[in-house]
Amino acid sequence: PAELEVELKYGADRLGKRQDPAMQKFRENRLGAFIHWGLYAIPGGEWNNKTYHGAAEWLKAWAKVPTMDWLELMKQWNPQQFDAKKWAKMAKEMGVKYVKITTKHHEGFCLWPSKYTEYTVANTPYKKDILGELVKAYNAVGIDVHFYFSVLDWSHPDWRSSIKTQEDSIAFQRFLTFTDNQLKELATRYPTVKDFWFDGTWDASIKQNGWWTAHVERMLKEMLPGVTINSRLRADDYGKRHFDSNGHLMGDYESAYERRLPDPVKDLHVTKWDWEACMTIPENQWGYHKDWSLSYVKNPTEVLARIVHAVSMGGNMVVNFGPQPDGDFRPEEKKIADFIGKWMKKNSECIYGCDYAGWEKQDWGYYTRKSNQVYMVVFNPPYSGQLTVKTPKGITITTAKTLTGEQTQVTETTRNEYNVSLPKNMPQEPFVIKLEVKDAQ
Ligand code: JFZ
């Protein structure tokens with residue numbers, strides 16, 4: 001009950017899911033790509049002949065590189081193979097509906113020519129506005145652009161992880177003004193941006209300034225009607241993050257599922273709000289790392305399973321790419337994009353615009369749903385040749401067909417339980433059986 005709730009000035013702005021067209025588009029997109037590209041691509045996990053196993057975009061921290069030495073990398077920023085149109089073509093062929101781009105990661109280097117810092121693409125040999133070219137190229141092929149923005153900025157002298165003195169406090173307020181300016185600049189220069197995904201907001205300094213996170217959300221929403229913002233930006237009056245002190249989601253969608261997913265049986269509470277997960281292809285490398293043999297690398301089917309898993313629980317999935325310093329993508333990433341794209345061409349009907357079906361999870365795979373169509377996405381076909389389906393009370397299955405139109409047998413085995421037979425032409429990859437369903441009433 002509301003009267004038992006804590007009074008908050010900077011808590012959730014809204015209860016429940018946003019239902020406006022922009023949010024619906026965000027949700028229906030379902031599949032996105034993440035691009036982590038910055039100076040860290042140049043050393044690619046290696047500093048002074050030593051290879052670091054940690055995330056490549058954190059190399060400055062692992063190798064304890066002084067800020068000025070790190071920013072010297074700007075002199076080598078000259079991605080001769082970069083072609084925004086090729087990137088857009090690759091994303092389009094992969095079937096992603098949106099791309100999240102690191103406008104600025106923790107290192108502070110900006111992919112756009114920001115007038116508020118000298119650490120930008122404008123002051124590199126390459127000079128050109130990478131972000132601007134990408135926004136134009138993705139938009140031209142109908143792909144939404146989302147901006148990743150790290151509030152944490154290692155290049156800025158006024159950034160603080162905690163506020164201990166009066167001087168820290170003054171410096172940090174200056175830093176927040178700088179950040180506001182950069183955000184306003186992004187919103188003004190690239191008004192087609194659909195989403196801001198904030199990162200680097202976990203420090204005590206931000207948690208003590210929850211007001212500022214609420215202010216940023218409002219500022220961007222005033223400038224860009226419909227813009228969506230992740231929960232990772234937000235902290236409330238008490239420094240509580242993602243969910244406020246009353247347990248209400250802040251921002252428009254939850255964004256803490258990172259390289260992991262909610263359990264498909266135990267964590268069904270996530271279906272109550274919008275959420276977006278993101279994943280790396282190796283274990284934990286977002287930026288380009290030269291050596292992918294240092295950790296497990298997921299195979300294309302594993303990547304696909306995570307995409308379907310997210311959609312089956314009402315979430316979006318963003319697959320990460322860390323482009324090379326020359327502006328091209330590594331062959332392993334091209335292979336994954338190609339695999340996903342080919343699969344999506346045949347099966348995207350079970351992804352775009354789909355949601356949690358509300359049916360009991362079975363071992364053969366995942367359900368997704370779009371109105372009266374329930375999609376069975378089969379990852380583990382059983383030896384019995386029969387896929388068990390348990391329907392909620394009052395729902396009956398009328399037909400079952402593969403997406404290529406092959407009818408499969410549906411046999412009621414007991415009340416609200418069916419056997420759906422495997423298709424005769426069993427594909428050598430995960431496949432979809434589409435059920436037409438009817439409510440009793
Ligand atoms: C952050 C970054 O530090 C990282 O480099 C990358 O950009 C990633 C997408 O985001 O890392 C995080 C942030 C949050 C969590 C884990 C890693 N988290 O909420 O568990």
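Order of appearance sets the numbers: ligands from 1, and atoms from 1 within every ligand.
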Using distance alone, decide if ligand 1 has a nitrogen or oxygen within less than 3.5 Å of any nitrogen or oxygen in D199.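 There is such a contact, yes.
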Which atoms of ligand 1 are found less than 4.0 Å from any heavy atom of W202?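 The list of qualifying atoms is 3 (O), 13 (C).
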Using a strict cut-off of 4.0 Å, indicate which atoms of ligand 1 neighbour a heavy atom of W58.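 With W58 as reference, the close atoms of ligand 1 come out as 2 (C), 3 (O), 4 (C), 5 (O).
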Looking at the rings of F147 and F196, which for Trp means the six-membered one, are their centres under 6.0 Å apart?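 So the answer is yes for these two rings.
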Thinking salt bridges, do [X] and [Y] make one under a 4.0 Å N-O criterion?
{"X": "D252", "Y": "K17", "result": "no"}
{"X": "D69", "Y": "K60", "result": "no"}
{"X": "E217", "Y": "K221", "result": "yes"}

Give a yes/no on ligand 1: does H105 have at least one heavy atom closer than 4.0 angstrom to it?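 The answer is yes: ligand 1 sits under 4.0 Å from a heavy atom of H105.
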Parallel, tilted or perpendicular: which describes the rings of Y253 and F26, with under 30° parallel and over 60° perpendicular?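 Taking F26 first and then Y253, their aromatic rings sit tilted (interplane angle of 30° to 60°).
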If you measure from each non-hydrogen atom of H106 to ligand 1, which part falls under 4.0 Å: side chain, backbone, both or neither?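 The answer is the side chain.
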Can you report which non-hydrogen protein atom sits closest to [atom], along with the distance?
{"atom": "atom 19 (O) of ligand 1", "result": "R232 NH2, 3.8 Å"}
{"atom": "atom 11 (O) of ligand 1", "result": "E258 OE2, 3.8 Å"}
{"atom": "atom 6 (C) of ligand 1", "result": "H36 NE2, 3.5 Å"}
{"atom": "atom 4 (C) of ligand 1", "result": "E57 OE2, 3.4 Å"}

Considering the options Y52, W62, W70, which one meets the ring pair (Phe, Tyr, Trp, His ring centres under 6.0 Å) requirement together with W47?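 Answer to the ring pair (Phe, Tyr, Trp, His ring centres under 6.0 Å) test with W47 among Y52, W62, W70: W70.
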Could you point out which residue of Y148, W286, F321, W87 forms a ring pair (Phe, Tyr, Trp, His ring centres under 6.0 Å) with W37?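 By the ring pair (Phe, Tyr, Trp, His ring centres under 6.0 Å) criterion, W37 pairs with just one of Y148, W286, F321, W87: W87.
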